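Data first, discussion second: the structure below is written as structure tokens.
Throughout, numbering of the chain's residues begins at 1 and tracks the sequence. Just so it is clear, the model here is predicted, and its values are computed rather than measured.
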Amino acid sequence: MASYYRRKKPDAVFLNAKPLNSANAQAYLYGVRKYSIGLAERLDADYEAPPVDRKKSSDSTASNNPEFTPSVFYRNIAPVNWFLRIIGVLPIVRRGPARAKFEMNSASFVYSVVFYILLSCYVSYVANNRIHVVRSLSGPFEEAVIAYLFLVNILPIMIIPILWSEARKIARLFNDWDDFEVLYYQISGHSLPLKLRQKAVYIAIVLPILSVLSVVITHITMSDLNINQVVPYCILDNLTAMLGAWWFLICEAMSTTAHLLAERFQKALKHIGPAAMVADYRVLWLRLSKLTRDTGNALCYTFVFMSLYLFFIITLSIYGLMSQLSEGFGIKDIGLTITALWNIGLLFYICDEAHYASVNVRTNFQKKLLMVELNWMNSDAQTEINMFLRATEMNPSTINCGGFFDVNRSLFKGLITTMVTYLVVLLQFQISIPTDKGDSEGSTNITVADLLMDSLDNDMTLMGSTATTASTTRVSTSLAPPTTKSTRGRKG
């Protein structure tokens, strides 16, 4: 077995890894870091480094090296990224590995602004029509709530400018992933083996189709189908769905990377030599833990708004569904059921994938460390293992949205619990509304405003009758003849 050793490298270069040029990569393969498993296997097989081409420019990136595959993370989520860019959401310019940035004078941002202005005008036209429908609506209270549901579905238009404000942080996150891939290559001896590209392609094709079908079915069953008004709803529903898919792929990439890193570390412990190898894996884990935290910070306000929007839309749709079940399952209930299930599934996957990523990055890695047998290791390696375990305890790996809340299964449970509370209050309010079941046909067409006015008139009538009764009592008391005490006269 080859001897595991490496040359001392400055910490600044190691911690701030950048894509290597081809000459440095070949020198690295020849023996700079020979303790990694992949390189050890090559050295045991009498591996000889290929000759270095001195004529190549030092500006050439590591993509010229067949052993290193740059931008693995970005390529795996690229299909969803391109879909979001088409609808004007991610105006990020990327000219190569670790060179993503947000530029306000770029063509991508100009396209995003123009698309947003046109979409805003279209949405304003649809919202104006919906407001007229709500004003002229007659019927029970639950029908008014269903009409408000179409107004709430327009709120995702606000996500686009929120993402503009966070575009720089997202670009920095992409660059950090590129740097992490270089560091992973230096330590493990091979590129990051993420295999999410095919899944991303399927999501980018199937999810928009399902989103459009759900919007069309909802409009057919709950209102008159108008193609001119359905188009902006399809765009906005695709926006929320693809943001959820984007979040799903990012969390899935972190989960897969953490699992691969844990397996590589456990395999490397069988060939452990110097303590420097454990230190390198500790640095690599710290970089992955930082990526986990930066994901929540980079998408902080976007997913805070998404969580509140999904909570609101699920509450309204479930209330509209439950309030009409007493009359039987009708056509309108189909659209409400699809809306509720679609948004509940989206909220669940957002919370579940973030929870799964946090568990894989921290908890599963701690299990690997706790199962290590330290008896046969030297003192330096034991010290590094203990420092590694302490690092996993002191560095949180949860996905936190800027300090507002942790995105995990507890968030989903808390939102559902709060939702049930509001549903109970709304159903109690519906039961308390009086219904007029007269013989005339016009008595059944009562608007929400009419109910409020009738309640106010009843209160005023009750107050007036009470005041009239009190005044009548006082007048009758003042006009009544005084009662005299009858006395008997004296005799004689």
Pairing residues for [X] by the ring-ring contact (aromatic ring centres under 6.0 Å, His included) criterion, not counting sequence neighbours:
{"X": "Trp177", "value": "Phe73, Phe180"}
{"X": "Tyr309", "value": "none"}
{"X": "Phe412", "value": "Phe348"}
{"X": "Tyr184", "value": "His190"}

Going by the salt bridge (Lys or Arg N to Asp or Glu O under 4.0 Å) test, which pairs reach into residues 301-318, not counting sequence neighbours?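 Non-adjacent pairs meeting salt bridge (Lys or Arg N to Asp or Glu O under 4.0 Å): zero.
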Could you give all pairs that pass the salt bridge (Lys or Arg N to Asp or Glu O under 4.0 Å) test and reach residues 182-198, with sequence neighbours left out?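 Qualifying pairs, neighbours excluded: none.
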Would you give me the side-chain donor-acceptor pairs under 3.5 Å for residues 105-112, sequence neighbours excluded?
from   : atom 1 : to     : atom 2 : distance (Å)
Ser106 : OG     : Glu103 : O      : 2.7
Ser106 : OG     : Phe109 : N      : 3.4
Ser108 : OG     : Arg85  : NH2    : 3.3
Tyr111 : OH     : Ile86  : O      : 2.5
Ser112 : OG     : Gly88  : O      : 2.5
Ser112 : OG     : Trp164 : NE1    : 2.9

Got a sec, which residues hit side chain to side chain donor-acceptor pair (under 3.5 Å) with Lys101, two or more places apart in sequence or on another chain?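 So Lys101 forms no side chain to side chain donor-acceptor pair (under 3.5 Å) with any residue.
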Can you pull the side-chain hydrogen bond (donor to acceptor under 3.5 Å, both in side chains) pairs that have at least one residue in residues 338-355, sequence neighbours excluded?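 The answer is Asp352-Arg409.
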List for me each residue that meets salt bridge (charged side-chain N to carboxylate O under 4.0 Å, His left out) alongside Arg293, sequence neighbours excluded, and say none if there are none.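 Here no residue qualifies.
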Asp406: partners by salt bridge (charged side-chain N to carboxylate O under 4.0 Å, His left out), with sequence neighbours left out: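 Salt bridge (charged side-chain N to carboxylate O under 4.0 Å, His left out) list for Asp406, sorted by chain: empty.
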Which residues pass the side chain to side chain contact (heavy atoms under 4.5 Å, CB included) test with Ile131, not counting sequence neighbours?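 In terms of side chain to side chain contact (heavy atoms under 4.5 Å, CB included), with neighbours along the sequence ignored, Ile131 is linked to Arg135, Leu151.
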